[in-house]
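As structure tokens, the structure follows; a few thoughts come after it.
The structure displayed is predicted, hence computed values, not measured ones. Every chain is numbered from 1 and lettered A, B, ... according to where its sequence line falls, protein lines coming before strand lines.
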Protein chains: 2
Amino acid sequence: MTASPSSRVTIKDVAARAGVSKGAVSLAFNRKPGLAEATRDRIFAAARELGWEPNLTARSLSSSRVDVVGLAICRPARMLGLEPFYMEFVSGVEGVLTEHSCSLLLRLVHTVEEEAGLLESWWRGRQIGGSILVDFRADDPRVAAAERLGMPVVAVGHPSLTGSLTSVWTDDATAVTEAVRYLAALGHRRIARVGGAAALGHTVMRTAAFDAAARTLGLAGARQVATDYSGEAGARATRSMLTAAPADRPTAIVYDNDIMAVAGLAVAAEMGLAVPGDVSLLAWDDSQLCRLTHPTLSAMSHDVHGFGAEAARTLFGVITGSGPGSHPVPTPVLTPRGSTAPPRG
Amino acid sequence: MTASPSSRVTIKDVAARAGVSKGAVSLAFNRKPGLAEATRDRIFAAARELGWEPNLTARSLSSSRVDVVGLAICRPARMLGLEPFYMEFVSGVEGVLTEHSCSLLLRLVHTVEEEAGLLESWWRGRQIGGSILVDFRADDPRVAAAERLGMPVVAVGHPSLTGSLTSVWTDDATAVTEAVRYLAALGHRRIARVGGAAALGHTVMRTAAFDAAARTLGLAGARQVATDYSGEAGARATRSMLTAAPADRPTAIVYDNDIMAVAGLAVAAEMGLAVPGDVSLLAWDDSQLCRLTHPTLSAMSHDVHGFGAEAARTLFGVITGSGPGSHPVPTPVLTPRGSTAPPRG
DNA sequence: CGCACTCCCTAAACCGGTAAAGCCCACAAC
DNA sequence: GTTGTGGGCTTTACCGGTTTAGGGAGTGCG
């Protein structure tokens with residue numbers, strides 16, 4: 001109400017109004033002992049009346065702890081918007097950050113080198129207290145960067161990719177194996193996989209797991225291809241697979257995200273193939289999108305929100321100095337819906 | 001290389017190494033005049049050798065300008081992930097921010113009141129230098145909050161909703177009118193609209209525009225309904241419309257985003273109705289999703305990335321003190337694809 | 001009464017930069 | 001030989017908090 005128009009209330013004003021020193025106000029606001037109850041109340045009242053909130057910039061300058069964590073995402077903008085994954089992940093991260101009254105500094109970058117540079121810059125400039133790293137690739141430069149800087153970091157990726165960094169990860173290999181087993185159990189022999197970006201570590205692992213599972217099950221007709229995760233690439237890959245001679249054509253396709261599976265569904269429709277009659281489709285991640293198609297998409301489903309939350313929680317662990325560790329989150333589970341069935345004939 | 005292990009390099013270290021004072025280093029790094037070329041070089045060399053970057057916290061404390069802008073988004077997490085809109089918008093914002101070496105502070109909130117509180121807190125705590133506000137509703141509390149605080153802000157929404165704040169907006173009314181005219185021109189008389197959240201200002205405007213257009217064109221069978229933007233709600237609304245008696249059933253449906261249109265497409269398929277034969281569908285926003293379905297979705301398309309970029313540019317304008325203003329961005333244009341055609345019979 | 005011991009609180013030194021005022025010196029003009 | 005003049009750099013006072021050393025008042029005890 002009486003908030004001064006050119007609002008520049010500082011701790012000094014509050015101190016003056018409460019008739020105490022700056023130090024006392026600081027003590028009160030940081031809930032530290034050594035202040036009489038009455039004084040504390042007086043200080044809070046004064047602050048409320050003036051509409052004062054501690055200047056976090058000043059606070060982090062002197063206390064040298066920063067209530068901001070960084071997240072840089074490195075994917076082309078076109079794909080980002082479409083991938084429900086990231087927003088859900090971010091919302092999971094947010095939930096936990098908010099509990100700690102911490103904020104998220106977000107940046108979209110184009111290359112992993114740019115990202116490494118950005119992280120260094122953020123850290124050196126004391127803009128962030130730590131960071132969440134996603135989309136690991138083999139020999140990822142961020143591992144060395146984070147180690148060299150001594151920056152608290154949680155790496156979202158398999159421990160084999162993240163070096164000495166604390167990691168949070170899902171067991172992609174097991175999930176891929178389960179997907180293949182499921183389709184094989186339905187009777188499929190020619191199973192294909194439309195994978196994500198080949199440069200990404202988890203794509204490599206899924207590819208290897210797919211190969212291994214196919215070999216174990218003796219599936220001669222298994223094949224896979226890498227894409228860039230975009231719907232267009234998914235459509236292209238699907239089209240190329242489904243135009244093969246009927247005897248070579250896969251009867252089931254696993255996708256690395258849901259967007260590509262949706263695109264695959266459209267391609268099947270466009271080619272006059274029935275799903276799941278002529279070809280079964282299995283999506284990955286399982287956002288709501290999978291329930292909005294006809295037929296609905298079976299998927300390897302995954303609590304992405306919880307994944308983000310776990311990453312954030314783990315980061316707080318790292319910041320408060322718990323040793324490095326590996327934090328698996330639940331393996332994606334198969335959620336059968338309308339797009340998978342035994343092959344015809 | 002020789003970066004000190006417990007990296008705590010400050011401006012003082014750089015000054016010492018270059019044999020100058022702190023002030024000189026500051027001058028050099030802010031590209032201010034008054035330093036000899038040679039000295040400047042020496043300073044940069046020293047900084048490079050020590051791996052120093054200015055501490056932005058300290059900088060903004062003394063210069064009282066903050067290189068961070070805030071963005072709070074107020075929608076349920078489930079919907080956020082799905083809406084390609086936000087990530088595309090954010091990526092547009094990012095592009096411009098990066099040019100100004102500015103960062104984005106992102107937060108997902110649950111209510112508009114919470115958002116108003118958060119903005120106040122960010123601003124009071126000098127965490128942000130300004131903010132982008134989205135999803136305006138009637139009598140939005142953020143208008144008063146931003147005015148009271150004197151915080152530089154750009155409001156993404158129609159000027160009629162954003163009070164005295166500088167606004168960036170698309171002409172939804174015109175776009176809705178164009179959509180209706182197009183469908184009417186194809187021969188449709190029973191046109192329906194599946195709208196977004198009724199509480200949002202632009203939903204209200206689109207609803208009014210739809211009514212007006214239907215009246216002007218003498219479309220007796222026009223009807224519309226509000227949803228929460230989720231695919232499920234879109235499916236439900238579509239189902240309810242398409243189960244009407246054939247004589248009452250709409251022959252064309254306009255959706256307020258693409259997710260609902262995709263869901264609508266699935267519902268039509270599930271009910272055995274041909275698109276566009278039995279019913280035409282028209283999406284809004286036009287992310288890539290519209291090209292991934294079969295048939296592809298006609299849409300009112302919209303450069304969302306550019307929209308975000310314009311919002312960010314405008315915010316910089318506000319921060320540097322240009323007066324309030326209204327910045328329309330291009331009206332969504334009709335992009336006909338496979339989901340719209342003249343009604344059968 | 002003196003002394004130790006709490007309990008509350010203040011004063012002052014930071015944190016790492018920026019900004020404005022000031023100092024020194026070379027060179028030019030009168 | 002003064003007296004500008006201005007380029008090049010240093011000094012110093014902040015910015016708005018946190019933190020620590022320490023001081024005064026009150027209490028218990030010998």
Check ion pair [X]-[Y] (N to O, under 4.0 angstrom):
{"X": "Glu83(B)", "Y": "Arg75(B)", "answer": "yes"}
{"X": "Arg313(A)", "Y": "Glu310(A)", "answer": "yes"}
{"X": "Asp67(B)", "Y": "Arg65(B)", "answer": "yes"}

Segment of DNA chain C, first to last nucleotide, that comes within the 4.0 Å heavy-atom reach of chain A: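 Nucleotide range in contact with chain A: dC8(C) to dG16(C).
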Considering non-hydrogen atoms only, spot the tightest contact between [X] and [Y] and give its length.
{"X": "Ser167(A)", "Y": "Gly157(A)", "answer": "CB-O, 3.4 Å"}
{"X": "Asp135(A)", "Y": "Asp140(A)", "answer": "O-OD2, 4.0 Å"}
{"X": "Leu97(A)", "Y": "Ala312(A)", "answer": "CD2-CB, 4.4 Å"}

Inter-residue atom distance Leu56(B).CG - Arg59(B).CZ, 0.5 Å rounding: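 Nearest 0.5 Å value for the CG-CZ distance: 6.0 Å.
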Stem list, DNA chain D (Watson-Crick or G-U pairing under 3.5 Å, at least 3 consecutive pairs): C:1-30 with D:1-30
Parallel, tilted or perpendicular: ring planes of His100(B) versus Phe316(B), cut at 30 and 60 degrees: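 If you compare the ring of His100(B) with that of Phe316(B), the planes turn out parallel.
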Per-nucleotide protein contact string for nucleotides 8-17 of chain D, where B marks a base within reach and S marks sugar-phosphate only (heavy atoms under 4.0 Å, - for neither): BBBB---BBB
Stepwise ring pair (Phe, Tyr, Trp, His ring centres under 6.0 Å) test for Trp52(A) and Phe44(A): CA-CA 9 Å; Trp52(A) 177 76; Phe44(A) 282 127; 9.6 Å; no
Verdict with reasoning, Phe136(A) to Trp169(A), per ring pair (Phe, Tyr, Trp, His ring centres under 6.0 Å): CA-CA 11 Å; Phe136(A) 272 80; Trp169(A) 53 287; over 10 Å; no
